Amino acid sequence: MPSAVYRVHKALLLPALGALLILLSTFSAELSEILGQRLLYCMEHLIPALFGGMLICNLAVCCGALQRSERFLCRRGLNGPLITSYIISQAAGYPAGVILLKDHVAEGILSRDQARRYACVCFGAGPSFIVGLAGAQLLGNAMAGWLLFLCCCGANLLVALMTLRGQWRCPARSAAVKADDGISALVKAAQLTMDGLWRIVGMVMLFGVVRFLAEKTGVVYLLTKTGEWLGHSAAGADACLGALLDVTALPEICGAGFPYQKMLPVMAAALSFGGLCVHCQNRAMGGGWFPVGRLLWMRGLTAALAAVLCALMLPLFPPREVADVFSAQPALSKSGSLLPSFLIFCTGFPLFLKKDWTK
């Protein structure tokens, strides 16, 4: 029976792809406009917001600082690979934790079972994305970004402590220190950062197509109506659906008309969950051992905790800062510039030439 289902699946794959091609060709002008807007969003806001944090964390790996930290922790009876992977994942952004865990599995430092468990908590948006993009650019207020970052980190730490009891002091091997010299480390870190940014931009564009297809086939309409039936506005339900698919849809949450008591917790939940776009990217980077099912429900739990923490911390948020959040929302559309992304692409030029200049 499973083999028959598999044969039917293979037989239907080509007709399904042909139907998708016809659909995309029919609405090519509309799709082109949507993808153009997404590309401009990545160039103006996403890439400049992520580049600095990703570069610093890649530099820590290339110059050997991360491996030395692991050895230091392991000598004191701590699980160095877990602790460093967790810290980097919170500091560098979504793909960093999975990439480090994959390297540890390849080096024989961690087993696949350990990497599966650790991947569910070595996951975070990073301050560059939350504070730089969600706070400073989307909300026009860095304080709001730091509030969201603290809520996401606090929720993730609670889940990590609950699910990895006894693992933090578990003896583990440490990676051999492989450090490049200063100039080589800088160039290699820039190349790794550019490679990661291209992957992120590619997945953002891909999920733009997914969202477009969901709208044209009526899936978005049905889910939006379900959200309205549950008591949410059409704009709010559509914004939450967009963030569920792709966390870069945060601008839709800001423009959905939520009161700030609801908008900031919703943003905290979206950032903590990460979106299916990020999970697909991590699945591709992590390989066959990546735990999709377990990760989704654990990230859902973390998202709920982040929303609760944000709601509890809102009374501590100064009223003036709250007013600033709403008065400065249009800053996203007024502050964009292609120059930062152009300069960043220039740093990754060796990558475009398919040449490794670190050797």
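The shown structure was predicted, so the numbers you read here are calculated from the model rather than taken from an experiment.
One side chain, Asn58 or Thr193, offers a donor N or O that lies under 3.5 Å from an acceptor on the other. Defined by atom type and a distance below 3.5 Å, a donor-acceptor pair is present between the side-chain atoms of Thr248 and Asp246.
Taking both residues in full, the closest heavy atoms of Gly145 and Ile130 are given as O-CG2, 3.3 Å, listed atom of the first, atom of the second, then distance. The two residues Ser272 and Arg299 make their nearest non-hydrogen contact at O-NH2, 2.9 Å. Between Pro81 and Ile109 the shortest heavy-atom distance is CG-CG2, 3.5 Å. Across all non-hydrogen atoms, the minimal contact from Ala144 to Leu139 is CB-CD1, 3.7 Å. Shown here for Val121 and Asn156, the closest heavy-atom pair between the two residues is O-ND2, 2.7 Å.
Of the residues listed (Asn282, Leu295, Asp103), the one engaging Val98 in a side-chain contact (heavy atoms from CB on, under 4.5 Å) is Asn282, and it is the only one.
Taking CE of Met143 as the start and CG of Leu148 as the end, the distance is 11.0 Å to the nearest 0.5 Å. Put simply, OG1 on Thr163 and CE on Met298 are 3.5 Å apart, with the number rounded to the nearest 0.5 Å.
A heavy-atom distance below 4.5 Å is not found between the side chains of Cys310 and Leu150. For the pair Leu100/Tyr118, no side-chain contact is recorded, criterion being any heavy-atom separation below 4.5 Å from C-beta on. Residues Leu192 and Leu55 are not in side-chain contact: their nearest non-hydrogen atoms beyond the backbone lie 4.5 Å or more apart.
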Given side-chain contact (heavy atoms from CB on, under 4.5 Å), test Cys277 with Leu245 step by step and report yes or no. CA-CA 6 Å; Cys277 176; Leu245 289 174; over 6 Å; no

Could you give me the CA-CA distance, side-chain angles and deciding distance for Arg38 and Glu33, then say whether salt bridge (charged side-chain N to carboxylate O under 4.0 Å, His left out) is met? CA-CA 9 Å; Arg38 282 190 165 239; Glu33 183 179 356; over 6 Å; no

Please lay out, stage by stage, how His104 and Glu70 fare under the test side-chain contact (heavy atoms from CB on, under 4.5 Å). CA-CA 11 Å; His104 288 327; Glu70 284 184 12; 3.0 Å; yes

Apply side-chain contact (heavy atoms from CB on, under 4.5 Å) to Phe212 and Glu30, showing your working. CA-CA 9 Å; Phe212 177 79; Glu30 188 177 347; 3.9 Å; yes

Please evaluate residues Cys120 and Thr302 with respect to the criterion side-chain contact (heavy atoms from CB on, under 4.5 Å), reporting the C-alpha separation (whole Å), side-chain torsions for both, the decisive distance (0.1 Å), and the verdict. CA-CA 10 Å; Cys120 296; Thr302 311; over 6 Å; no

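Taking the six-membered ring for Trp and thresholds of 30 and 60 degrees, His279 and Phe273 have ring planes more than 60 degrees apart, a perpendicular arrangement.
Judged by a 6.0 Å distance limit and a 45° cone about the ring axis, Arg68 is not positioned over the six-membered ring of Phe72.
The hydrophobic clustering, which links ILVMFWY residues whose side-chain heavy atoms are closer than 4.5 Å, places Leu161 and Val308 apart.
In this structure, the side chain of Gln90 engages the main chain of Phe123 through a donor-acceptor pair within 3.5 Å.
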Under 3.5 Å donor-acceptor pairs involving side-chain atoms of residues 201-208, not counting sequence neighbours:
none

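Legend: ring pair (Phe, Tyr, Trp, His ring centres under 6.0 Å) pairs involving residues 142-165, not counting sequence neighbours, sorted by first then second residue: Trp146-Phe149.
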